[in-house]
Amino acid sequence: MIRRLIFVSILLLCCSVLRAQKHVISKPVNGTKPKQISPDLFGIFFEDLSYAADGGLYAELVQNRSFEYNPADNANWNPLTAWKYQTDGFGYGTISVESATPVYPNNPHYIMLNVEDEGQKGVGLENSGFDGIPVKAGKSYRFSVFLNVMSAQSLPVSVALVDRKGKELGSSAFAAAGKGWKKYTEQINVNFDNDSAKLVLLVKSKGKVGIDMVSLFPTETFKNRENGMRADLAQVVANLKPKFMRFPGGCLTHGDGVANIYRWKNTIGPVEQRVDQRNIWNYHQSVGLGYFEYFQFCEDIGAKPVPVLAAGVSCQNSGGTWKIGSTGQKGIPMDEMKAYVQDVLDLIEYANGPATSAWGAKRAAAGHPASFNLEYLGIGNEDKITGLFEERFRMIYDAVHKAHPEIKIIGTVGPSPNGEDFDKGWKLADQLAVGIVDEHYYEKPQWFLKNTTRYDAYNRQRSKVYIGEYASWGNKLFNALCEAVYMINLERNGDVVKMASYAPLIARIGHTSWNPNLIYFNGTHVFPTVNYYVQQQFTANAGREYLPGVIKLKGNKAVNDTTAGVSCVRDAATGDIILKIANAGNASLSGTADLTRVGILPDSATLTTITGDIQAENNVSTPEAILPKSSVISLQKNWSFAVPAYSLSVVRINTGGAGQTK
Ligand code: AHR
């Protein structure tokens, strides 16, 4: 509070009193020319890592709904993981995991339940969800199941959500009849809140039945999509207003060995027909959140889709490079590459082709006849640049380039900001004139401060850059501010850095395979980090023009100083002028902004500040330790400012659409 008061007083001292009149100012400053900034500079990167998809963004509440978990996913797993045989009513019978006559061959396992005596309540199965099933009183849930009734008579079935002590929170009942797999759908209305309920499915008379695809979704998903996203989590992601979304992952995409390469075709169509897959991060992907859902989610949040496909090789860390005899990078056999290249081309048709085309028709059948307007396509993810890689990358690149010159291909330059793969990747990009290359770096916060000029010297004639993955190692305010300083410098280089996305995006608490992340969550709550709020300031306040020379720091401190960054950008859509001042240093910073280049200077503007204790972070115990705070400040032609140590300040000047650069 005291810190806030001091800051407000400093601002009041420095800013002029509110003026009654608007100023029309037309004189250019120093003759410095505005620089174009990429329209897609700041976006997000979603990877199914740390339960980001199943048990995360994908709103399915049943874990292992199709009984496909197996020891290859995780040594402790089998088809009954997260399930319990339920005989609480003293009935008995048998259950077995079978695969003779599945719902669909892609989804081989199912349960055969044989009820010999239904007892007092029936016999069946109980699912514990992902760390329990969170439900809310007054809300409804969409239950569905595939059943294959082997008995001649119809079977009464009940489905209920119960608490740990067995108390019913909501239920429904129906009759199942007939041989052959049939889908049954029920609505369960819940009367009590519970964070860790269980779903109980009971057959209430003697009989034999096959069970598969046991599913439970909240009726209210993000945008109320049936096979949709968890509303609260999706909303926090949407609130970033990202310009694009890269998906479905980094290492996940090129996979743990060739057989584990992510194949987009396995992830579309009716969910019961998709091919579940082991996740490189040692869990299981239902792929219920598949390519259709990714495209649709991008559209729902106004982000351009940026799918990334393997470049025909698996991750160089396959099998774990530290293990003797590990798999390492392997290539799809050359005699299979033609088909693989066709898969890549088919993805473009799936996204953009007319509804009458073979793959466009599948998109239309899923409910989206219009194009998804695919513009970017990533080929490869921080691969080791070997002969194996190069040969396959060239094949894919040439085919896509020839068939779809309109698609902007994003190549890859290894896992680090420099080094052998980086150099070789750039060399290949030069040879092929790849439009954009994907650089990755996870570094100490100080690295970001030391490298603010990284792109100043980049050759503008070579490939442009997408920083597909970056983060400083930590979620403290200091980390977020170092990222802010760096991002300001990306704005200055927004002509060569076309896109950038922090990584990873979201992680389920208790299941993190990677830290830090931008957003943490559990079954009931979402915890945006300070890094998230910094990212949000940049996406919400993106500009199309960088106006050099507007902000000057006191003492002629350079704009790319190692602990500070300042920028002035103009938002093309609104004409608003945005000033950003990031201070990762331990002293307050002052300077002036020459606003004479703003067409019409209003009396006031909005100032948003992120500041506090540099060691503070938003977590489960202190979820709101650092939040952005906004206020209205007065403006003047030569606006003087002072910002506190360890802060990001963003001033948005609404010019009423008249923010023309002169
Ligand atoms: O973002 C986490 C991982 O980091 C990605 O999967 C991979 O591309 C990188 O090594």
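In each ligand, atom 1 is the first atom listed, and ligand 1 is the first ligand listed.
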- Salt-bridge present (D40, K498; N to O < 4.0 Å): no
Find all atoms of ligand 1 within a distance of less than 4.0 Å from any non-hydrogen atom belonging to [X], and give their numbers and elements.
X	answer
W281	6 (O)
N381	8 (O)
L49	2 (C)
E382	7 (C), 8 (O), 9 (C), 10 (O)
G250	6 (O), 8 (O)

Kindly state whether the ring of [X] and the ring of [Y] have centres lying under 6.0 angstrom apart.
X	Y	value
W514	Y442	yes
F42	Y502	no
Y58	F217	yes

- Going by heavy atoms, is P504 under 4.0 Å from ligand 1? yes
- Message: Below 4.0 Å from ligand 1: does a non-hydrogen atom of Y441 turn up there or not?
- Response: no
- Query: Does T512 use its side chain to pair, donor to acceptor, with the backbone of A507 at less than 3.5 Å?
  - Reply: no
- Task: Verify, without hydrogens or angle tests, whether D54 (side chain) and G288 (backbone) share a donor-acceptor contact under 3.5 angstrom.
- Result: no
- Identify whether NZ of Lys or CZ of Arg in K362 sits under 6.0 Å from the centre of the six-membered ring of W359 and within 45° of that ring's axis. yes
- Do H109 and N70 have a side chain donor and acceptor closer than 3.5 Å? no
- Starting from atom 6 (O) of ligand 1, locate the nearest protein heavy atom and write down its residue, its atom name and how far away it is, to 0.1 Å. E47 OE1, 2.6 Å
- List the closest protein heavy-atom neighbour of atom 7 (C) of ligand 1: residue, atom name, distance to the nearest 0.1 Å. E469 OE1, 3.3 Å
N/O separation below 3.5 Å, [X] to ligand 1:
X	answer
Y442	yes
C251	yes
W514	no

- So do the side chains of F247 and C298 get within less than 4.5 Å of each other, counting heavy atoms only? yes
- Query: Which is it for Y470 and ligand 1 at heavy atoms under 4.0 Å: side chain, backbone, both or neither?
  - Reply: neither
